[in-house]
Amino acid sequence: MDYQFKSIEQKWQQYWAANQTYKVTTDTTKPKYYVLDMFPYPSGAGLHVGHPLGYIASDIFARYKRIKGFNVLHPMGYDSFGLPAEQYAIQTGQHPAITTQANIARYRQQLDNLGFSFDWSREVRTSNADYYKWTQWIFMQIFNSWYNLETDKAEPISTLILKLETLGTREIKAVCDEDALTLQPSDWSAMTHLEKEAELLKYRLTFLKQSTVNWCPALGTVLANDEVKEGFSERGGHPVEQKKMMQWSMRITAYAERLLQGINTIDWPEPLKEIQKNWIGKSVGAMVKFQHIEVFTTRVDTLYGVTYLAIAPEHELVAQLTTPQQKESIDAYIAQTKKKSELDRMADVKTVSGAFTGSYVTNPINGAQIPVWIADYVLAGYGTGAVMAVPSGDQRDYLFAQHFNLPIIPILDAQQIDTQADPTKEGKYINSGIINGLTYKEATAVIIQELEKLGAGKAKINYRMRDAIFGRQRYWGEPVPVYFKDGLPYLIAESDLPLLLPEVDKYLPTQSGEPPLGRAKDWKYKHKYDYELSTMPGWAGSSWYWFRYMDAHNNQAFADKKAIAYWQDVDLYIGGSEHATGHLLYSRFWNKFLKDLGYVTQEEPFKKLINQGMIQGRSSFVHRLVDEDGKPTNTFVSFGLKNNHQTVPVHVDVNIVENDILDIEKFKASRDEYAKAEFILENGKYFCGHEVEKMSKSKFNVVNPDDLIERYGADTLRMYEMFLGPLEQSKPWNTNGIEGVFKFLRKFWKLFHDDSFTFKVSDQNPTKAELKALHKIIKKVEEDIERFSFNTSVSSFMIAVNELTDLKCDNKAILQDMVIVLSPYAPHICEELWALLGNTNSVSTATYPTFNPAYLVEDNFNYPISINGKTKTNISLPLTMEAIDVELYVLQSELVTKYFDGKTPKKVIVVKGRIVNVVL
RNA sequence: GCUCAGAUGGUGGAACUGGUAGACACGCAGGACUUAAAAUCCUGUUCCCGUUAAAGGAGUGCGGGUUCGAUUCCCGCUCUGAGUACCA
């Protein structure tokens, strides 16, 4: 029989499921390897052809590692809490659990169609209570911890209490809120229970605090910084505003330095590491006190050049600093900046604006009186919300000073400040008191020392990263395992986990503006205490899920210690780069936290990470003729002729276009208005135009993997997606070319069959040429997979099969090894051929063949002969021939001398086994 | 503006440490088989000039450099994509 992909693929998918072929156990006799995909949010649209790209690559890698002798953990699950299901629920009233369930079923079907080797017995769903029980449990551990800067790790809150009881705050170096009190042991013991709890909240790694948050009115929830893009919500694109609210936060800033340092220890793409570094945003500088106004600066050496202080319009001291005379203009300025949206403020960088408060403060280093201005170029959210302005060294300060006629003092003798600020650090200091004559390298330490002596400042490292807001005023998320008593939050008992998501009548906020959970009837802890009504953010469940796969059904712990000790961390993680500042940062944070408390063993969760490129859409267009009035007609012009006519492009479904040629009959049938369409053709064909756009329904360029599997089979689709190009590169999807891969698999199938498609292999000894073809591919695939170059492996498979076909190879030993080598890429066809070859187990239990270099050894090499670097001819010579003999041979060869043109060679370069170059 | 990635035939791409640029595939052209079509197979396919074949010239975004030799290394520029942005 010819290659019957449909029945073969069905048969083996059923076999794998029935025999649990890919179920994996903790097996300490084998080395472990953990291959993980970023688990998907199961959206209603299902998978398009771009989604499986990473899954295919990871599956090939997992299958390869398996036949290389590793015990491979390769699981899959669903990040199933989230906004879209809830938005849908609001519109339809249907419980998000129901739509989520249906979407998961669809995803599972689509994933199964592709023949992935996931161990489905370990599936996780973040919205299942037996999963989110442990998300809640981890939250409780975080709540019960503080960050000890002395040991540089998180510790149970009990060690903090002990310190407070015995030593007081003087001996405590912790990451905590700024308003934490200074306490003696006696002060602590004198506090009431309530006061103590309120104080501890300032230390806990997750805490409730009045803070400025990103509020999105359209979604009815707060958002984390990474969920806001340019002033709009990442999901849905709704405007976001700043609002003061009582909110749960995670003290991720405690881990800023470790998150930064850890980046140097992991094998991630450079751009991704760069994004995380920028997000953390470390800057080394100093805090300086201008009386009661504190500023942060990275150039404390410029302190003598300060000619004014600029503070953000939102700064808390604005009212206090404003003199009665200036009140009117300050109020007007604040009103004006408030009107400007976030976006305007960002777009309008060039306009200088500000207002004088009327107050002056003293420069601590020289006692100079300097004016305090408010200016919207100072951001309330960064540093202290106040800056010391040095117009000679900072361009923004320079423009501001010019605009408002403030002095500009040069501070370095090499500074060029006639037309703009000069931020360089060259030269020696002038106008700078105690650092006059010093260089930049010397000056900073001197200034900081002096400031410390005066009590007016100290060295300080500042981070851009903020603590992460951890509450969402939404329904479809994990309930926070907290109740309130006397206005303070307490954890529920561990034995009461999981705290189940209660039923509500509507998925909308209550009349009084409480989150949807406020609608739950009789929902109180121990029938009397109010629960926290916000739920956890989307990233909660995904911040630890890779541990759950290690031991997915454990009721006693999030994962058994032995399982964690064996599987340790993720060896290879594949997913999109859009999670750079969200999931990938929070996961590293939770991982470090769990390690501090001794629950896990590794400092970093994902050793090696690869971002698969985005698959864009490739839209097709028909060109519709318009008449003199510009009105569209029912005539369509083929692409090559469109410039001869007045036309407008119209999107056309890519599924009725092949190699840019429109299927006219299908086009006519696609819409009533096209039924009587007429066409201006080229060579009897209608060619479409094309453009690369995002893949979306509205652009009619969505290609569904199910359709391609129906037509070519999963093995072809898997290999074609890899063949498309390097995994990490973004590229438009184009189904042109899939035929080539399909033909390859049919050709491979033919190697095992005679002309009437009867299975036939021979037991003869393989020939030298056959062995060479085989061992070339054994080596190549090994090298390619190890460097994630899947596209080049596919080409090499084609070359190998072409060679074996030319050799008319039907040798069993050769073909059997070919099956093993190809099996990670095209598992179904390989299982079938493996079985036909007489094997009774799955090909995934086979061993990858050992490469033998002896088969690739050549006797002769066809030397390219170049004259002055240009290749002119080839001469085949034995590889054993020494360079000097090669030179002699080449120089007397007529093939070469005819190019000499009477000249004598000046020089001859011979690289043994590579090239000969004659310089004339 | 800054940071990063990239630019190779009609198309997707290959060339791993500087050594025969264009592997492999798509598409296209021609041919075989067929009453015909599909499928399959064979041949050709970077460009220019020439053409029976040859022979020649140019060529990896642009301009320079290093080298016997550069898609690969260095300098400058152009364009494309991504990230980020008044961060003090």
Please tell me which of the listed nucleotides, [options], lies nearest to the side chain of [X]?
| X | options | result |
| --- | --- | --- |
| Thr792(A) | C24(B), A14(B), C86(B) | A14(B) |
| Arg746(A) | G13(B), U40(B), C86(B) | U40(B) |
| Leu379(A) | C24(B), C87(B), U40(B) | C87(B) |
| Val378(A) | U20(B), C26(B), A88(B) | A88(B) |
| Ile909(A) | G19(B), A14(B), A25(B) | G19(B) |
| Pro726(A) | G13(B), G19(B), A15(B) | G13(B) |

Distance between the [atom1] atoms of [N] and [M], in whole angstroms?
| N | M | atom1 | value |
| --- | --- | --- | --- |
| C73(B) | C16(B) | P | 11 Å |
| U60(B) | A5(B) | P | 23 Å |
| A15(B) | A23(B) | C1' | 8 Å |
| G9(B) | U45(B) | C1' | 10 Å |
| U71(B) | C62(B) | C1' | 15 Å |
| U66(B) | G57(B) | P | 24 Å |
| U72(B) | U8(B) | P | 14 Å |
| G27(B) | G81(B) | P | 29 Å |

Just how far is it from atom CD1 of Ile777(A) to atom CE of Met798(A), taken to the nearest 0.5 Å?
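The CD1 atom of Ile777(A) sits 11.0 Å away from the CE atom of Met798(A).
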Nearest 0.5 Å please: distance from the CE atom of Met287(A) over to the CD1 atom of Ile461(A).
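Result: 13.0 Å between the selected atoms.
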Using whole Å, what does the distance between atom [atom2] of nucleotide [N] and atom [atom1] of [X] come to?
| X | N | atom1 | atom2 | result |
| --- | --- | --- | --- | --- |
| Lys731(A) | U80(B) | NZ | C1' | 17 Å |
| Ile799(A) | A25(B) | CD1 | P | 7 Å |
| Phe400(A) | A88(B) | CZ | C1' | 14 Å |
| Glu782(A) | C16(B) | CD | C1' | 15 Å |
| Phe757(A) | U40(B) | CZ | P | 11 Å |
| Glu803(A) | C24(B) | CD | P | 10 Å |
| Ile461(A) | A88(B) | CD1 | P | 14 Å |
| Lys743(A) | C24(B) | NZ | P | 14 Å |

State the syn/anti category of G6(B) according to its glycosidic angle, syn meaning within 90° of 0.
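Anti conformation for G6(B).
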If we call it a pair only when both distances are under 3.5 Å in a Watson-Crick or G-U wobble match, what pairs with [N]?
| N | result |
| --- | --- |
| C2(B) | G83(B) |
| A25(B) | U11(B) |
| C16(B) | none |
| A88(B) | none |
| U66(B) | none |
| A53(B) | none |
| A38(B) | none |
| U60(B) | none |

Using OP1 and OP2 only, check whether a side-chain N or O of [X] sits under 4.0 Å from [N].
| X | N | value |
| --- | --- | --- |
| Thr871(A) | A21(B) | yes |
| Lys907(A) | C68(B) | yes |
| Arg464(A) | A88(B) | no |
| Lys750(A) | U40(B) | no |

Ser796(A) or Leu724(A), whichever maps to the more 5' nucleotide of RNA chain B
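Checking each residue's closest nucleotide, the 5'-ward one belongs to Leu724(A).
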Of Ser283(A) and Phe861(A), whose nearest nucleotide on RNA chain B comes first from the 5' end?
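On the 5' side of the pair lies Phe861(A).
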Minimum heavy-atom separation for Gln612(A) and Gly576(A), please, with both atom names.
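Heavy-atom minimum between the residues: OE1-N, 3.4 Å.
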Are the charged groups of Asp394(A) and Arg299(A) less than 4.0 angstrom apart, N to O?
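A salt bridge is absent here (no side-chain N lies under 4.0 Å from a carboxylate O).
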Carboxylate-amine/guanidinium contact Lys282(A) Glu257(A), below 4.0 Å
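Looking at Glu257(A) together with Lys282(A), the answer is yes, because their closest N to O distance falls below 4.0 Å.
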Step by step, work out the ring-ring contact (aromatic ring centres under 6.0 Å, His included) result for Phe400(A) and Trp373(A).
CA-CA 10 Å; Phe400(A) 194 89; Trp373(A) 287 66; 5.6 Å; yes
Side chains of Tyr686(A) and Asp663(A): any donor to acceptor distance under 3.5 Å?
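Their side chains do not contain a donor-acceptor pair, so the 3.5 Å distance test is not met.
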For Ser619(A) and Asn701(A), does a side-chain donor sit closer than 3.5 Å to a side-chain acceptor?
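Looking only at side-chain atoms, Asn701(A) and Ser619(A) do form a donor-acceptor pair, the distance falling under 3.5 Å.
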So [X], base contact, sugar-phosphate only, or nothing? Heavy-atom distance under 4.0 Å.
| X | result |
| --- | --- |
| Ile275(A) | sugar-phosphate |
| Asn802(A) | sugar-phosphate |
| Pro732(A) | nothing |
| Val911(A) | base |
| Gln729(A) | sugar-phosphate |
| Asn791(A) | sugar-phosphate |
| Ser795(A) | base |
| Lys906(A) | nothing |
| Tyr863(A) | nothing |
| Glu274(A) | sugar-phosphate |

Is there a donor N/O on one and an acceptor N/O on the other, under 3.5 Å, for the side chain of Asn917(A) and the base of C68(B)?
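For Asn917(A), whose side chain was compared with the base of C68(B), there is a donor-acceptor pair (under 3.5 Å).
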Show the numbers, then the answer: is there a ring-ring contact (aromatic ring centres under 6.0 Å, His included) between Tyr712(A) and Phe5(A)?
CA-CA 7 Å; Tyr712(A) 300 103; Phe5(A) 59 85; 7.7 Å; no
Show your reasoning for whether ring-ring contact (aromatic ring centres under 6.0 Å, His included) applies to Trp749(A) and Phe744(A).
CA-CA 9 Å; Trp749(A) 180 259; Phe744(A) 155 75; over 10 Å; no
